[in-house]
Amino acid sequence: YSERNMQLIRQMDDVEKCIKLQRRLIAGYCRLVKNLTHKNYSQITQKVVAYIDTDIGADLRLKTLADLHGITPNYLSMLFHTEVGIPLTEYVNNSRIRHAKRLLLTTGDSVKKVAQASGFSDVYYFCRLFKRECGMTPTQFRKDVGYKDYLKLLSLQSVLIKENELNKCERKDGIKY
């Protein structure tokens, strides 16, 4: 899988954190399979896309990706752009912004922490790119799209789960107790 994910697994010391990481890894794997299943990409492009999608925080520069796959940066750039339809850098940035959006909606982490977890070492660059791509800052996005609404949804799910558990207390003859 990815070195970063392996490190996260080794650091697990809490059951709740393990469950969260497990869900994140499974969701990432499902997205990866979905993204690659319907594409007619070459094996190299599939591997590069898989690497990007599984380790968004890694060094994803063109030269690094080309070296990892034993090809020249020029060849990777041309191949990727031809098959995917956009430059590799744009694909990486789009993937990182998409990941950042997910983190902004599902965590209470600071914008700096979200930027770092999404592979941006410079929070100012992240904010400029985010605003250019989304039309608003990460903070505005969280506010407008609704971290609070997400928390309400989680709270509602919790209530529904508790209600469902209560409804399980039913005898075989249909009488609830």
Side-chain angles (χ1 to χ4, degrees), residues 1-37 39 46-62 64-65 68 84 86-166:
Y1 206 31
S2 78
E3 190 60 36
R4 185 171 172 266
N5 289 335
M6 301 280 276
Q7 289 173 345
L8 289 172
I9 291 168
R10 284 188 210 107
Q11 294 171 354
M12 288 295 113
D13 59 354
D14 176 302
V15 173
E16 197 170 308
K17 287 179 185 176
C18 284
I19 291 169
K20 284 181 181 180
L21 179 62
Q22 180 185 24
R23 286 182 183 151
R24 194 181 106 222
L25 293 175
I26 290 170
Y29 182 74
C30 289
R31 272 191 316 279
L32 176 64
V33 169
K34 181 182 172 194
N35 288 343
L36 295 178
T37 303
K39 305 291 182 191
Q46 286 182 21
K47 286 180 181 180
V48 169
V49 168
Y51 186 81
I52 292 166
D53 289 347
T54 56
D55 200 0
I56 201 72
D59 178 2
L60 300 176
R61 289 176 294 175
L62 176 63
T64 304
L65 292 170
L68 274 171
V84 179
I86 60 173
L88 177 66
T89 306
E90 187 176 335
Y91 181 87
V92 168
N93 284 337
N94 291 345
S95 297
R96 286 181 166 167
I97 293 295
R98 193 170 39 253
H99 181 73
K101 285 179 178 179
R102 196 174 313 111
L103 291 177
L104 288 165
L105 293 178
T106 59
T107 71
D109 292 347
S110 68
V111 171
K112 181 178 181 177
K113 196 169 183 179
V114 167
Q116 290 170 340
S118 300
F120 294 97
S121 56
D122 182 347
V123 71
Y124 300 107
Y125 173 71
F126 165 69
C127 289
R128 281 195 319 272
L129 183 64
F130 193 97
K131 185 168 184 169
R132 187 180 77 207
E133 296 299 317
C134 303
M136 62 182 80
T137 67
T139 304
Q140 290 169 323
F141 176 82
R142 177 179 270 163
K143 219 180 285 182
D144 290 354
V145 174
Y147 176 65
K148 291 176 186 171
D149 290 340
Y150 177 76
L151 290 177
K152 286 178 190 173
L153 177 63
L154 285 180
S155 176
L156 178 61
Q157 283 177 329
S158 173
V159 168
L160 291 174
I161 289 168
K162 288 176 186 173
E163 207 172 280
N164 189 30
E165 290 300 313
L166 291 173

Report yes if the side chains of [X] and [Y] come closer than 4.5 Å at any heavy-atom pair, otherwise no.
X: T107; Y: K113; answer: no
X: L103; Y: D109; answer: no
X: N94; Y: E133; answer: yes
X: I52; Y: L65; answer: yes
X: Y124; Y: R128; answer: yes

How long is the span from the [atom1] atom in [X] to the [atom2] atom in [Y], to the nearest 0.5 Å?
X: Q116; Y: S110; atom1: CD; atom2: OG; value: 7.5 Å
X: K131; Y: T139; atom1: NZ; atom2: OG1; value: 11.0 Å
X: N93; Y: F120; atom1: CG; atom2: CZ; value: 5.0 Å

- Message: I'd like to know if the side chain of S95 and the backbone of Y91 have a donor-acceptor N/O pair within less than 3.5 Å.
- Response: yes

- Item | Residues T137, V111; criterion side chain to side chain contact (heavy atoms under 4.5 Å, CB included); working and verdict | CA-CA 10 Å; T137 67; V111 171; over 6 Å; no

Give me the atom names and distance for the closest heavy-atom approach of [X] to [Y].
X: C134; Y: K101; answer: SG-CE, 3.3 Å
X: I56; Y: L60; answer: O-CD1, 3.7 Å
X: H99; Y: S118; answer: CD2-OG, 3.3 Å

- Message: Angle between ring planes, F141 versus F130, binned at 30° and 60°: parallel, tilted or perpendicular?
- Response: perpendicular

